[in-house]
Amino acid sequence: MKTRYLNYLLLLVTLVLWKCEPSVDEFVPQAGNADFSVFVSVGDSYSSGYIDGALSYTGQVNSFPNIIASQLSSLGTGDFKQPMLPEGTSVGSSLNGSYTLQVVNGMLMPVPTQGNPELLTDPTTWINGKAPFNNVAVPGAKTYHLLAKEYGDPSLGMGNFNPYYARFASNPGTSTVIGDAMMNNPTFFSLWVGGNDVLWYGLGGGTGLESGMGPYDITPESIFQLSITTLARTLTTNGAKGVMCNIPGIDALPYFSYIKYNDLVVNADTAALLNYLYAAAPHIEFHEGNNPFVMADVNAPGGIRQIKEGEKVLLSALSDILGDEHYGVLKPLTDEMVLDLDELSVIDDATDKFNTIIKDAADNNDLAFVDANAILENIINGIVIDGVGYNTEFVTGGFFSLDGIHTSGRGYAIVANEFIKAINAKYGSTVPLANVNDFTGVEYP
Amino acid sequence: MKKFLLIGYLFFMYSIAGHTEGYQVNLQGQRQTGMGHIGTGLSLGVSSIHFNPGALSLMDQKWEFSFGVSPIFSNNTFQKQMPSTYEAYSDNPVGTPFYFYGAGKISDKFTIGIGVTTPYGNSLSWGDTWDGRYLIQDISFHAIFIQPTVSYKILDNLSIGAGFTIAPGTVEINKALPLQNQDGADGQVELSGSTLGYGFNAGIYFQATKSFSIGVDYRSKIDMNMDGGDAVFTVPASMQGYFPEGNTFSSSLPLPANLVVGLGWNPGEKITLGFDFQYVFWSAYQSLDFDFAENTPALQDSENPRNFSNSAVYRIGAEYHLNKKFDLRAGFYYDQTPIPEDYLTPETPGTNKYGMSGGLSWYITDKFSIDVSFLYIQGQKREDGYALEDFYGTYYTNAFIPGFGLNYSF
């Protein structure tokens with residue numbers, strides 16, 4: 001009898017010891033002097049959850065504003081309603097689906113999936129009746145687009161409006177993105193726009209205007225200034241607080257840095273053959289090893305020259321370079337495929353000017369500010385977060401997704417944390433950071 | 001007085017939480033453990049094989065055998081660097097350090113013996129999916145010290161002793177690799193192997209007066225050099241070529257040297273007091289490196305600086321000889337962490353720690369006793385991390401270690 005009690009006692013003691021976890025100091029998030037009850041996100045593809053070359057359901061779930069919203073949820077933030085695509089779907093700006101990595105001819109290549117183009121092209125799939133949404137970010141939007149009712153007007157015909165907005169606009173053709181944002185009566189907002197005001201000039205290979213309103217033009221400075229000021233002023237009219245973010249420089253984007261100017265590697269025999277073929281253009285020379293690609297340039301003798309160090313070949317040229325026509329070797333890369341030094345300095349100047357305008361708007365409205373440009377510069381050199389290294393290399397760097405412009409899931413979590421840090425610093429809040437490792441990075445087959 | 005101590009002790013056990021340390025495990029005798037693990041300056045029979053081989057030849061009887069085991073119930077909680085609401089709890093397997101000692105006098109002056117102990121080990125499991133999984137998921141490291149020992153009584157009050165240590169050891173480390181497949185699952189690496197290390201343990205014991213004794217013991221460093229350990233990688237198929245199958249690694253883990261100076265004092269017939277100063281040469285542990293037999297552009301050798309510094313443990317303990325049947329014990333120690341700032345990893349989440357212990361021996365006969373001890377380890381919470389992997393937070397750890405042993409001499 002006695003031993004039985006002893007056994008029970010032993011068992012009990014063992015269980016108690018086993019389960020005696022150390023007590024910890026509890027952390028309770030604080031809102032500081034911000035009111036996070038209604039959070040709204042205004043922006044472009046970066047804020048929409050665009051990833052791997054498309055807007056997708058999973059990308060939206062892991063959009064950085066949604067990550068911020070879920071971190072804010074411990075502080076009593078209401079629902080963060082996003083204009084969700086149906087589960088499992090995706091649609092990119094070229095009506096492609098999300099890219100996935102696949103092994104093609106022994107090489108790992110991003111390959112677009114089929115996707116769901118009807119989500120942009122068929123208005124019966126649209127969700128206008130569910131407006132307003134808390135996340136009104138529109139892929140492809142420039143600053144002034146967010147103020148224009150034409151931007152979501154399908155009656156203008158394909159190509160003249162943005163179906164990414166039209167699909168969730170409260171009233172397509174009449175409503176504006178900023179108006180839809182204000183329908184929520186936000187108490188707190190994130191505003192990250194301006195990227196496309198420069199980026200599209202780069203995506204066009206610098207063929208657009210240095211100041212113009214065409215898709216591949218750089219937005220005129222006065223328009224940019226007016227748009228940013230109007231957006232920030234509108235969002236703060238009811239005393240809302242918020243966070244603004246500047247434009248990352250083009251150097252960080254793998255889309256413009258994956259193909260190096262001298263990635264043309266030949267052996268001695270091929271070099272000799274190429275020199276023979278280019279005998280009529282003696283300023284073009286090849287030798288064994290790495291060589292600069294050949295590009296078209298109206299100002300060069302014979303209209304062709306080799307690319308200079310520092311000039312950038314666009315990722316979109318990859319299939320032409322690897323293709324049967326051997327662009328860059330036997331055929332010159334076209335103007336659209338390359339950003340030359342002049343075009344790059346135009347981009348740098350515009351980025352600097354726009355970033356000054358964004359910073360001024362943040363300061364004038366007393367808002368938190370994220371220096372994405374500086375953060376991205378830092379990631380170029382490589383960073384480590386919670387045991388994982390990131391840099392801006394295409395695919396292997398882990399920070400950018402397979403399109404080379406938008407970040408990976410973990411990249412968005414890193415961005416979300418930078419926003420949260422800026423918010424905490426400005427408003428004295430202690431919004432908890434997200435665990436970057438909870439999100440997916442680049443996925444390998 | 002003693003009763004009060006025990007009650008206070010129990011109360012403490014249920015009300016406060018705490019901590020544990022390094023990969024050294026100081027549980028080599030129930031009698032010593034009950035006194036804050038002092039023993040180098042005392043003559044405590046056959047277990048001197050570990051604590052001070054110099055004292056072994058002062059064994060009372062011709063033969064003595066001792067065996068004991070001390071299951072470690074340890075818990076670690078990790079709270080991510082603020083602001084964060086993330087917490088992780090380790091699910092540590094119950095560690096089971098044990099000891100066995102046996103010795104016999106072969107002459108009045110000479111005593112020989114053998115000790116089998118487990119003074120180093122580490123068993124920690126954070127789980128496969130926790131936030132620090134790219135640093136460590138779980139680690140299991142065990143070394144067994146087999147130590148044939150000889151002790152010689154130079155004078156009636158002065159004796160020396162030394163033992164040769166053979167230490168077989170095994171290690172298994174699991175961590176996740178940040179190479180995800182298209183289901184979002186991480187890659188995985190498992191490093192495992194076994195090896196054999198060698199060292200020695202030498203000590204001197206001096207009974208200065210009838211009531212004062214002093215002992216000095218030096219236990220050498222043992223390098224656990226491992227060659228041909230198995231390195232098994234699980235990665236997405238398209239990456240398999242970078243992580244060849246059947247790969248092996250070599251590595252080295254030092255088990256640091258210890259210098260212990262111990263003092264003993266008998267202020268009265270019934271009371272023994274002791275003080276041990278233990279200096280651990282942890283600076284031997286500078287880096288944990290894995291040199292893979294086959295390297296690829298994606299699989300380079302791995303160097304992981306640890307930069308431990310030498311540390312000290314201060315121990316004090318007391319034994320009260322209640323009557324012929326019972327000895328009661330209590331002790332306390334303070335153990336400095338060897339891990340410098342910014343080098344704190346979740347694989348050995350060390351901190352400065354306090355150990356509080358109690359114990360008793362029950363002499364069933366003159367020759368045979370049952371020895372029990374209970375050690376509670378409480379560490380200071382430590383907010384720190386490993387800079388090179390940028391993994392920071394606050395670590396809380398505690399450990400409850402009941403111990404049970406048998407002693408037989410004739």
Side-chain angles (χ1 to χ4, degrees), chain A residues 10 13-30 32 58 71 73-75 100-104 106-109 383-390 395-396 398 408-410 417 420-421 423-424 429-445, chain B residues 13-14 16-19 71 73 75-87 89-90 94 129-136 175-176 178-187 235-239 298 346 378-379 381 386-392 394-402:
Chain A
L10 269 174
V13 168
T14 306
L15 282 173
V16 166
L17 296 179
W18 186 249
K19 286 287 146 206
C20 247
E21 268 150 13
S23 70
V24 300
D25 304 337
E26 209 185 331
F27 168 72
V28 182
Q30 303 291 335
T58 48
Q71 296 306 111
S73 62
S74 53
L75 291 163
T100 59
L101 266 186
Q102 290 177 24
V103 180
V104 182
M107 278 176 69
L108 271 178
M109 297 275 277
I383 57 165
V384 177
I385 296 173
D386 297 341
V388 183
Y390 299 90
V395 181
T396 57
S408 67
R410 288 191 175 174
N417 281 347
I420 292 171
K421 286 179 202 168
I423 292 166
N424 286 342
S429 50
T430 51
V431 179
L433 298 175
N435 281 357
V436 175
N437 289 345
D438 285 352
F439 297 84
T440 43
V442 171
E443 296 183 338
Y444 293 82
Chain B
M13 163 184 163
Y14 289 105
I16 306 180
H19 215 133
F73 299 86
N75 296 291
N76 305 72
T77 299
F78 171 77
Q79 205 174 33
K80 212 171 173 194
Q81 186 175 41
M82 286 177 201
S84 172
T85 50
Y86 180 77
E87 283 180 8
Y89 313 91
S90 66
V94 180
T129 55
W130 85 295
D131 196 47
R133 60 190 179 275
Y134 301 112
L135 288 87
I136 190 80
K175 55 194 249 174
L179 270 179
Q180 294 174 302
N181 68 18
Q182 290 179 331
D183 296 324
D186 285 317
V235 295
S238 63
M239 290 281 116
Q378 149 104 3
K381 73 168 185 180
Y386 191 57
L388 294 168
E389 305 266 22
D390 184 49
F391 193 69
Y392 281 82
T394 306
Y395 290 90
Y396 304 80
T397 312
N398 64 9
F400 303 89
I401 309 165

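In the text below, chain A, chain B and the rest are named by the order of the sequence lines, each starting its count at 1.
If you tally non-hydrogen atom pairs under 4.5 Å between each of T100(A), I383(A), L101(A), V28(A) and chain B, the highest count goes to L101(A). Of the residues considered (Q30(A), Q102(A), R410(A)), R410(A) shows the highest number of contacts with chain B, using heavy-atom pairs under 4.5 Å. Across L179(B), N181(B), L135(B), D131(B), the residue that shares the most heavy-atom pairs under 4.5 angstrom with chain A is D131(B).
Rounding to the nearest 0.5 Å places OG1 of T394(B) at 11.0 Å from CZ of F27(A). The distance from the CE atom of M82(B) to the CG atom of N424(A) is 13.0 Å, given to the nearest 0.5 Å.
Interface remark: V24(A) contributes backbone and side-chain atoms alike to the contact with chain B (heavy atom separation under 4.5 Å). Residue contact with chain A, scored on non-hydrogen atoms closer than 4.5 Å, involves the backbone and the side chain of Q182(B) alike. Only the side chain of K80(B) comes within less than 4.5 Å of a heavy atom in chain A; its backbone stays farther off. Contact annotation for E87(B): only side-chain heavy atoms (C-beta onward) come within less than 4.5 Å of a heavy atom of chain A. Of the two parts of L433(A), the backbone and the side chain both hold a non-hydrogen atom closer than 4.5 Å to a non-hydrogen atom of chain B. For chain B, the nearby parts of P445(A) are the backbone and the side chain; heavy atoms of each come within less than 4.5 Å.
Side-chain atoms of T430(A) never come within 3.5 Å of backbone atoms of P83(B) as a donor-acceptor pair (strictly under, hydrogens ignored). At least one donor-acceptor pair under 3.5 Å links the side chain of Y396(B) to the backbone N or O of D25(A).
The heavy-atom pair separating V103(A) from S238(B) by the smallest distance is CG2-CB, 3.8 Å. Across all their heavy atoms, M239(B) and L108(A) have their closest contact at CE-CD1, 3.5 Å.
Considering D438(A), N437(A), N435(A) as possible partners of Y86(B), the one that fulfils the side chain to side chain contact (heavy atoms under 4.5 Å, CB included) test is N435(A).
The shortest side-chain heavy-atom distance between Y134(B) and D386(A) does not fall under the 4.5 Å cut-off.
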